[in-house]
Number of protein chains: 2
Amino acid sequence: MPIDGLATQLRKGVIEYCVLAMLKEAPLYGGEVIQLLRTKGQILVSEGTIYPLLSRLRSEGFVETEWRDTPTGAPRRYYRLSRSGQKAVADFRAERFRFRDSVNEIFPDGGRQK
Amino acid sequence: MPIDGLATQLRKGVIEYCVLAMLKEAPLYGGEVIQLLRTKGQILVSEGTIYPLLSRLRSEGFVETEWRDTPTGAPRRYYRLSRSGQKAVADFRAERFRFRDSVNEIFPDGGRQK
DNA sequence: CAAGGAACCTTGTATTGCAAGGCTTGATCG
DNA sequence: CGATCAAGCCTTGCAATACAAGGTTCCTTG
C-alpha cells in the first residue's frame, strides 16, 4: 500500500465532511469515528488523521465536545454536531454534486458504469 | 472567493486525471488545457496550478511532450498521453467509483438528489 | 509496583492547488 | 531601430490536508 497514493489524494477535503455527516446521527468519540468510517464506508483512517481533523472541526465551530468518564480507562471526548456544522454539511453536499457533474462532463463515459 | 476553500480541497487528486482524460482525445498545450477545463467542466484553474501539474505528469511518465513553433509568438509545448498515462486514467476511474460509493454509504441520502 | 490497554494529542513529512511574479519569443507601433 | 505588448511557459512561496510515528494520561490487572 502506497504511503501517499491515488486514494489518499481523493480523500482530501472529503473525510472531514464524512465525519460531520456521521455526527448528524449521534455524538461519537474518536475511536467510534474511526470504526464507523471503516464499517460503513470501507474507509480506513488512522489516529494521526482523525485527531488533528477533529481538532480542526472544533476550532472552526462545526462541533462541540464533552468529556465523559468511562469504566474501562481513559476518558473519552465526545463530538456533537453544531448548528454551523449542519450548514457545513449541507454546503458540502451541494458542492460535491456540482463538482461530480463537472468531472463527469470531462471523463469519457461519465459516471454510468456499474 | 476564499483562497483555499471547500471546492479547492475537493479538487485535490482529481484535476490531474481530468487533464489526462482530456489528453485521451488529442494532444493539447497548456492554454488549451486551461480553456477546456473551463468550457467542458466549469472548472477554473490558473497557470500556477496547471504548469506544475503538467510538469509532474511528465516526470511521472504519464505524458510525452513536443515543442511546436507558432506563427503568433512563443512556441508551445504539446502534451500527449503515454501508454502508462492511459493506465493511470483507468486506475483512477476505478478508484473514483469505489470512493464515491463509500462516501454515498456514509452520507444520508447518498447520491440520489436532483 | 510494573505491565498493558484504551484514549487522546503532537510533531514532522509529502502532496496538492494556488497566487504572484519572472522569462522568452515574435509582432506591432512610434 | 527601440519600445511595447501579448502569448506561452516556468519558478517560488504559501496554505491545507492526510498520514506515520511517537508520546502522554488514565485505569485495571498481575
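Lettering of chains follows the sequences in order, A, B, ..., and the numbering in each one begins at 1.
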Trainee: Where the side chain of A/Pro52 is defined as all heavy atoms beyond and including C-beta, which of C/dT11, D/dT11, C/dA7 is the nearest nucleotide?
Mentor: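 Nearest listed nucleotide: C/dT11.
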Trainee: Whole Å only: how far is the OH atom of B/Tyr51 from the C1' atom of C/dT16?
Mentor: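 After rounding, the gap between these two atoms is 19 Å.
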Trainee: Please confirm whether the backbone N or O of A/Gln42 pairs with a side-chain atom of B/Ser102, one donor and one acceptor, at under 3.5 Å?
Mentor: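 Side chain of B/Ser102 to backbone of A/Gln42: no pair is present.
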Trainee: Roughly how many Å is it from CG in A/Leu6 to C1' in D/dA18, rounded to a whole number?
Mentor: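 For the pair A/Leu6 CG and D/dA18 C1', the rounded distance is 14 Å.
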Trainee: Taking only N and O in the side chain of A/Thr49, is any of them less than 4.0 Å away from OP1 or OP2 of D/dA18?
Mentor: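 For D/dA18, OP1/OP2 do not have a side-chain N/O of A/Thr49 under 4.0 Å.
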Trainee: Starting at the 5' end of DNA chain C and moving along, which residue's nearest nucleotide shows up first, B/Ser46 or B/Glu16?
Mentor: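 Looking at the nearest nucleotide for each, B/Glu16 comes out on the 5' side.
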Trainee: Between D/dT17 and A/Arg56, is there an OP1 or OP2 to side-chain N/O distance shorter than 4.0 Å?
Mentor: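 Answer is yes, contact under 4.0 Å.
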Trainee: When you measure from the side-chain N and O atoms of A/Tyr29 to the phosphate of C/dC8, is any distance below 4.0 Å, counting only OP1 and OP2?
Mentor: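 It does not, given that no N or O in the side chain of A/Tyr29 lies less than 4.0 Å from OP1 or OP2 of C/dC8.
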Trainee: Any side chain to side chain donor-acceptor pair (under 3.5 Å) pairs touching residues 47-56 of chain B, not counting sequence neighbours?
Mentor: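 Checked against side chain to side chain donor-acceptor pair (under 3.5 Å) - neighbours excluded - the pairs reaching residues 47-56 of chain B are B/Glu16-B/Arg56, B/Ser55-B/Arg58.
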Trainee: If I take atom CD in residue B/Gln9 and atom P in nucleotide C/dT16, what distance separates them, rounded to the nearest angstrom?
Mentor: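 Whole-Å distance recorded here is 13 Å.
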Trainee: Which nucleotide in the list C/dT10, C/dC9, D/dG8 gets nearest to the side chain of B/Arg76?
Mentor: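 Of the options given, the side chain of B/Arg76 lies nearest D/dG8.
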Trainee: Could you state the CD1-P distance from A/Ile50 to C/dT10, rounded to the nearest angstrom?
Mentor: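 So the two atoms are 15 Å apart, to the nearest Å.
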Trainee: Hey, which sits more toward the 5' end of DNA chain C by its nearest nucleotide, A/Ala74 or A/Arg58?
Mentor: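 Its nearest nucleotide being more 5', the pick is A/Ala74.
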Trainee: Rounded to whole Å, please give me the gap between CZ in B/Arg11 and P in D/dT17.
Mentor: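 The answer, rounded to whole Å, is 15 Å.
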Trainee: With nearest nucleotides of DNA chain D determined for A/Pro75 and A/Gly48 from heavy-atom distances, which residue corresponds to the more 5′ nucleotide?
Mentor: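 This one resolves to A/Gly48.
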Trainee: Among D/dC19, D/dC9, C/dA7, which nucleotide sits nearest the side chain of A/Val45?
Mentor: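 Closest nucleotide among those given: D/dC19.
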Trainee: B/Ile15 side chain: which of C/dG17, D/dA18, C/dT16 is closest?
Mentor: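 For the B/Ile15 side chain, the nearest candidate turns out to be C/dG17.
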Trainee: Please give, in whole Å, the distance from C/dC18 P to B/Leu10 CG?
Mentor: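 That distance rounds to 11 Å.
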Trainee: Using a distance-only criterion (donor-acceptor N/O pair, under 3.5 Å, no hydrogens), is the base of C/dT15 paired with the side chain of B/Lys12?
Mentor: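 Side chain to base: no pair present.
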Trainee: Does the cation-pi check pass for B/Arg68 over B/Tyr78, that is, NZ or CZ under 6.0 Å from the six-membered ring centre and within 45° of its axis?
Mentor: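 Satisfied, under 6.0 Å and within 45°.
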Trainee: Checking all strands, does B/Tyr17 fall into the base, sugar-phosphate, or nothing category for heavy-atom contacts under 4.0 angstrom?
Mentor: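 B/Tyr17: no heavy atom of the nucleic acid under 4.0 Å.
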Trainee: For the backbone of B/Ala88 and the side chain of B/Ser84, can you confirm whether one donor and one acceptor N or O come within less than 3.5 Å of each other?
Mentor: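 No: the side chain of B/Ser84 does not pair with the backbone of B/Ala88.
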Trainee: Decide, yes or no, whether a salt bridge links B/Arg80 with B/Glu64 under the criterion of side-chain N to carboxylate O below 4.0 Å.
Mentor: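 A salt bridge links B/Arg80 with B/Glu64.
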Trainee: With respect to A/Phe107, which candidate in B/Tyr17, B/Phe92, B/Phe97 satisfies the ring pair (Phe, Tyr, Trp, His ring centres under 6.0 Å) definition?
Mentor: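 The passing option is B/Phe92.
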Trainee: Give a yes or no on whether a donor-acceptor pair under 3.5 Å exists between the nucleobase atoms of D/dC9, that is its base, and the side chain of B/Glu47.
Mentor: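 Answer is yes: a donor-acceptor pair is held.
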Trainee: In whole angstrom, what separates B/Leu53's CG from C/dC18's P?
Mentor: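 Value for this atom pair: 10 Å.
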Trainee: A/Arg77 has a side chain; which of C/dC9, D/dA15, D/dC10 sits nearest to it?
Mentor: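 For A/Arg77, the side-chain atoms sit closest to C/dC9.
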Trainee: It should be established whether A/Arg68 places a side-chain nitrogen or oxygen under 4.0 Å from OP1 or OP2 of nucleotide C/dA7.
Mentor: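 For C/dA7, OP1/OP2 do not have a side-chain N/O of A/Arg68 under 4.0 Å.
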Trainee: Given atom CH2 of A/Trp67 and atom P of C/dA7, what is their separation to the nearest angstrom?
Mentor: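 These atoms are roughly 12 Å apart.
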